[in-house]
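Structure first, commentary second.
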Protein chains: 4
Amino acid sequence: MDFDQHKSIYLQIAEILCERILAGEWPPEEKIPSVREMAANVQVNPNTVLRSYDFLQQKGIIFNKRGIGYFTETKAVERIQSYKKEDFYENVLPDLFKNMKLLNIEPNDIIERYQHYLKSNDTL
Amino acid sequence: MDFDQHKSIYLQIAEILCERILAGEWPPEEKIPSVREMAANVQVNPNTVLRSYDFLQQKGIIFNKRGIGYFTETKAVERIQSYKKEDFYENVLPDLFKNMKLLNIEPNDIIERYQHYLKSNDTL
Amino acid sequence: MDFDQHKSIYLQIAEILCERILAGEWPPEEKIPSVREMAANVQVNPNTVLRSYDFLQQKGIIFNKRGIGYFTETKAVERIQSYKKEDFYENVLPDLFKNMKLLNIEPNDIIERYQHYLKSNDTL
Amino acid sequence: MDFDQHKSIYLQIAEILCERILAGEWPPEEKIPSVREMAANVQVNPNTVLRSYDFLQQKGIIFNKRGIGYFTETKAVERIQSYKKEDFYENVLPDLFKNMKLLNIEPNDIIERYQHYLKSNDTL
DNA sequence: GTGGTCTAGACCACC
DNA sequence: GTGGTCTAGACCACA
């Protein structure tokens, strides 16, 4: 597992966990890997994984049963989607628009590239 | 001058300088404010401004004449645009597409919002 | 640790590190001393050491793992040699030739002195 | 006139003057260009040229007649050669040898390159 | 523990 | 006047 050195690792781990939850890897209320197990998997200090889990718990995406482990919240998927939506309209889109204007990029160019993106991902 | 606490100040200063160069505030080979002057303007320690200038010099956007000051490179604008373009296609766009697919957002929605964005900026 | 007052300390530290890497003190991907540790060793402010490390990182000779420390790049030795070679053929050699011609020094003189140099270093 | 930004300009001007003296541009006791004239020629602040002249005067290479100008010393050429010789054996040569050993460069390579150097300069 | 950023202030070489 | 370097010390996020 190699991480982007410019973003904090615990956020990258949280991000990956969210995507796996969205992908349906764990149904609601299912146990996710223990801190130690996850740490061993991604070759990272357990404290760092703990921080990811803590972060996701505060966001209402997972919860903890003492002595047992961490579990997906019932509404984990909805929560994640809601956060992503907020981030999308607050950050991603304004950033996109600013760059499009500055670099004189046509909306059609974006659409075309998106079609390609969908196709290339379909075949995976 | 107030800065975003989440990004380092020296990078924000560099960013602002780039936008002022793009806006044509200094033609190619023109002298930009001295380190001390800029530091006084944005209420920041001169060392911090120096770091911004150093950063931009390494990026080939400004250069230094000994004992005189910093000057915009002949190709400063091209360089900045090239960096921005790379960031756009490498980071912004993939991020956008990933989110669009995940959140089931239609390209038409994006375009529509972009047109609103352009209109609201025109009136400024 | 005493430094040459005519060159900046951070570059001299970088230079020393390069020579230690060339000497094989740290294999590829090995952790080098932390900023604070090195600063204590050479009796210098940690900021100054950090600057050396930053410099070497930009040259692709060492890299950083967040919260852990700096490590030698896999190709550190090759990179250093390549930089030294470039400097040699671009600066040292032209300087030598210019002086040889100007001072009317015969190549044989140089070779002879080089053999003496090698011998005197062998005995160390 | 464009200068190497890494060395101080006044030393570069002094260096150029020395080479012109060695080339016989001004016989002993001949007047060299005034500070202002030289400053205009090389596009530099007169203070900087003055510093060069001052430097050369301290080295016994030129001397000043108040109100008239700067003149080459009778033994200017000998002095310059002596300084260059000292620099050569103290700095250039040790630097060369260190690099040759480190980069595993054969003396024959140096000689060969020197022959090429002489040829290419002859034709100029 | 690690590095990263920022400040305040000093000193220097250079133009 | 210009930038460049260094120090001392603080504070922070991160592992």
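Here is how names work: the chains are called A, B, and so on, in the same order as the sequence lines, proteins then strands, and each is numbered from 1.
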| Rounded to the nearest Å, what distance is computed from the NE2 atom of residue C/H6 to the P atom of nucleotide E/dC14? | 10 Å
| field | Residue met sooner reading DNA chain E from 5', once B/L11 and C/S34 are mapped to nucleotides | value | C/S34
| request: For B/V35 and for A/R51, locate the closest nucleotide of DNA chain F by heavy-atom distance; then report the residue assigned to the nucleotide nearer the 5' terminus. | output: B/V35
| Position toward the 5' end of DNA chain F (nearest nucleotide), A/N45 or B/R66 | B/R66
| Considering all heavy atoms of both residues, which atom of A/A39 and which atom of A/P46 are nearest to each other, and what is their separation? | CB-CA, 3.7 Å
| remark: Separation of E/dA13 atom P from D/F55 atom CZ, nearest Å, is 14 Å
| request: Would you please name every residue forming a side chain to side chain donor-acceptor pair (under 3.5 Å) with C/E29, sequence neighbours left out? | output: C/T74
| message | What I'd like to find out is whether the side chain of B/Y70 reaches to under 4.5 Å of the side chain of B/L50, using heavy atoms alone. | response | yes
| note | Contacted region of DNA chain F by chain A, from 5' end to 3' end of the hits, cut-off under 4.0 Å to heavy atoms, spans F/dC14 to F/dA15
| said: How close do B/W26 and B/K31 get, counting heavy atoms only, and between which atoms? | reply: CD1-O, 3.8 Å
| request: Please work out if C/L50 contacts a base, only the sugar-phosphate, or nothing of the nucleic acid, heavy-atom cut-off 4.0 Å. | output: base
| field | Contact summary for A/P94 and A/Y89, nearest pair of heavy atoms | value | CD-O, 3.4 Å
| request: Can you see which heavy atom on C/I13 is nearest to which on C/S52, and at what distance? | output: CB-OG, 3.4 Å
| said: Please compare D/S8 and B/P46 by the position of their nearest nucleotide in DNA chain E and report the one closer to 5'. | reply: B/P46
| field | Heavy-atom check, side chain of D/Q81 versus side chain of D/L22, under 4.5 Å | value | yes
| Under 4.0 angstrom, heavy atoms only, what part of the nucleic acid is A/N47 near: base, sugar-phosphate, or nothing? | nothing
| said: Does B/Y10 reach a base, just sugar-phosphate, or nothing at all? Heavy atoms under 4.0 Å. | reply: sugar-phosphate
| query | Hey, is D/K84 close enough to D/E15 for a salt bridge, meaning N to O under 4.0 Å? | reply | yes
| When you look for runs of 3 or more Watson-Crick or G-U pairs in a row, both distances below 3.5 Å, which of them include DNA chain F? | E:1-14 with F:1-14
| request: Using atom CD of D/Q5 as one end and atom P of E/dA13 as the other, report the distance to the nearest whole Å. | output: 19 Å
| task | Classify the angle between the aromatic ring planes of D/F71 and D/F63 as parallel (below 30°), tilted (30 to 60°) or perpendicular (above 60°). | result | parallel
| request: Could you tell me whether B/V44 contacts a base, only the sugar-phosphate backbone, or nothing, with contacts defined as non-hydrogen atoms closer than 4.0 Å? | output: sugar-phosphate
